[in-house]
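In what follows, a single structure is set out as structure tokens and then discussed.
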Amino acid sequence: MHKEFKHTRAREIIAGFSLIAAYGVLGSLFTANKGAILGLEFISGLAVILAALMLYPQLAVRERKLAGWFIVPRILEGLTLCLAAFLTLPSAPIYQRIHGLVYAVHSYVFVITGLLFYLILYRSRLIPRFVSVWGLVALALLLAANIFEHAGHPLSFGMLFFLPIVLNEVFLAGWLIVKGLK
């Protein structure tokens, strides 16, 4: 087996497991106590960064300019999650408001980096196009839910708007682990 292929394949598998870790950890935040949230958010942030770093070389070969616009904000997204983790430590109301603001910023950074990511995947055909289109549509739904929520009109069924991107990214993670990129 060619050495470069093995390294590329290993990066894809690591990226897939990192995506699963990021979502698994974030999902467990709903059941975690305050002490556990610090570690969970921090691990999720690191997993987001690791997935981006693992996929960047493949993305940059196909779409250099877009990949550059993707990697820096994705790292900032991961760092934002890490920052949010440390804002859960103090119990003062000001920290809770800052934590909420950090998550609001994170939600938009996630949408922007996700749009760049799925646009790169769509244009490069590194994965089947239906996965890229699914991701783009799911991000549009997420953006709509974020706008309604931050405008003070949270949707009573808002979690349904989050579900498509979660399912898409978990599917993508499985694809990376099993099949990898073209």
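Because the structure is a prediction, the values reported are computed rather than measured.
Put simply, Leu136 and Leu163 are part of the same group of oily side chains (I, L, V, M, F, W, Y) that touch within less than 4.5 Å, one to the next. The hydrophobic clustering, which links ILVMFWY residues whose side-chain heavy atoms are closer than 4.5 Å, places Trp175 and Leu50 apart. In this structure, Ile165 is a member of the same hydrophobic cluster as Ile147, with clusters built from ILVMFWY side-chain heavy atoms closer than 4.5 Å. No chain of hydrophobic side-chain contacts below 4.5 Å, direct or via other Ile, Leu, Val, Met, Phe, Trp or Tyr residues, connects Ile43 to Ile14. Hydrophobic cluster membership is shared by Ile49 and Val72, with clusters built from Ile, Leu, Val, Met, Phe, Trp and Tyr side chains linked at under 4.5 angstrom.
Phe70 is not listed as a side-chain neighbour of Leu115, based on a closest heavy-atom distance of 4.5 Å or more. The side-chain heavy atoms of Leu76 and Thr113, taken from C-beta on, include no pair separated by under 4.5 Å. Counting heavy atoms from C-beta on, the side chains of Phe17 and Leu176 never come closer than 4.5 Å. Side-chain contact check for Tyr118 versus Tyr122: every heavy-atom pair is 4.5 Å or farther apart. Here the side chains of Trp134 and Leu167 are in contact, with some heavy-atom distance below 4.5 Å. Between Leu79 and Val48, the closest side-chain pair of non-hydrogen atoms is not below 4.5 Å. Looking only at side-chain heavy atoms (C-beta outward), Leu139 and Phe117 stay at 4.5 Å or farther from each other. With a 4.5 Å cut-off on side-chain heavy atoms, Leu181 and Ile127 count as touching.
To the nearest 0.5 Å, atoms CG (Leu126) and CD (Gln58) are separated by 6.5 Å.
In this structure, the side chain of Asn146 does not engage the main chain of Ala104 through any donor-acceptor pair within 3.5 Å. The backbone N or O of Ile177 lies less than 3.5 Å from a partner atom in the side chain of Arg9, making a donor-acceptor pair.
Smallest separation of non-hydrogen atoms from Gly68 and Tyr56: N-CE1, 4.1 Å. The two residues Gly16 and Ala173 have their closest heavy-atom pair at O-CB, 3.3 Å. What you find for Gly45 and Leu81 is that their closest heavy atoms are CA-CB, 3.7 Å. In plain terms, the two heavy atoms of Pro164 and Leu141 that are nearest each other are CG-CD1, 3.9 Å.
Environment of CZ in Arg125: sparse, with no more than 12 heavy atoms of neighbouring residues, nucleotides or ligands closer than 6.0 Å.
Applying the salt bridge (charged side-chain N to carboxylate O under 4.0 Å, His left out) test to Arg123 and every residue at least two apart in sequence or in another chain returns Glu63. Contacts of Glu169 classified as salt bridge (charged side-chain N to carboxylate O under 4.0 Å, His left out), with partners at least two apart in sequence or in another chain: none.
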Evaluate the side-chain contact (heavy atoms from CB on, under 4.5 Å) criterion for residues Ile75 and Leu53: first the C-alpha distance (whole Å), next the side-chain angles of each, then the deciding distance (0.1 Å), finally the verdict.
CA-CA 8 Å; Ile75 290 171; Leu53 291 174; 4.0 Å; yes

Would Val102 and Val105 count as a side-chain contact (heavy atoms from CB on, under 4.5 Å) here? Give the steps.
CA-CA 5 Å; Val102 167; Val105 168; 5.8 Å; no

Assess whether side-chain contact (heavy atoms from CB on, under 4.5 Å) is satisfied between Leu59 and Leu121, documenting all intermediate values.
CA-CA 8 Å; Leu59 301 176; Leu121 292 175; 3.9 Å; yes

Given side-chain contact (heavy atoms from CB on, under 4.5 Å), test Met54 with Glu12 step by step and report yes or no.
CA-CA 7 Å; Met54 292 294 105; Glu12 294 164 354; over 6 Å; no

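Side-chain N/O atoms of Thr8 and Arg11 include a donor and acceptor closer than 3.5 Å.
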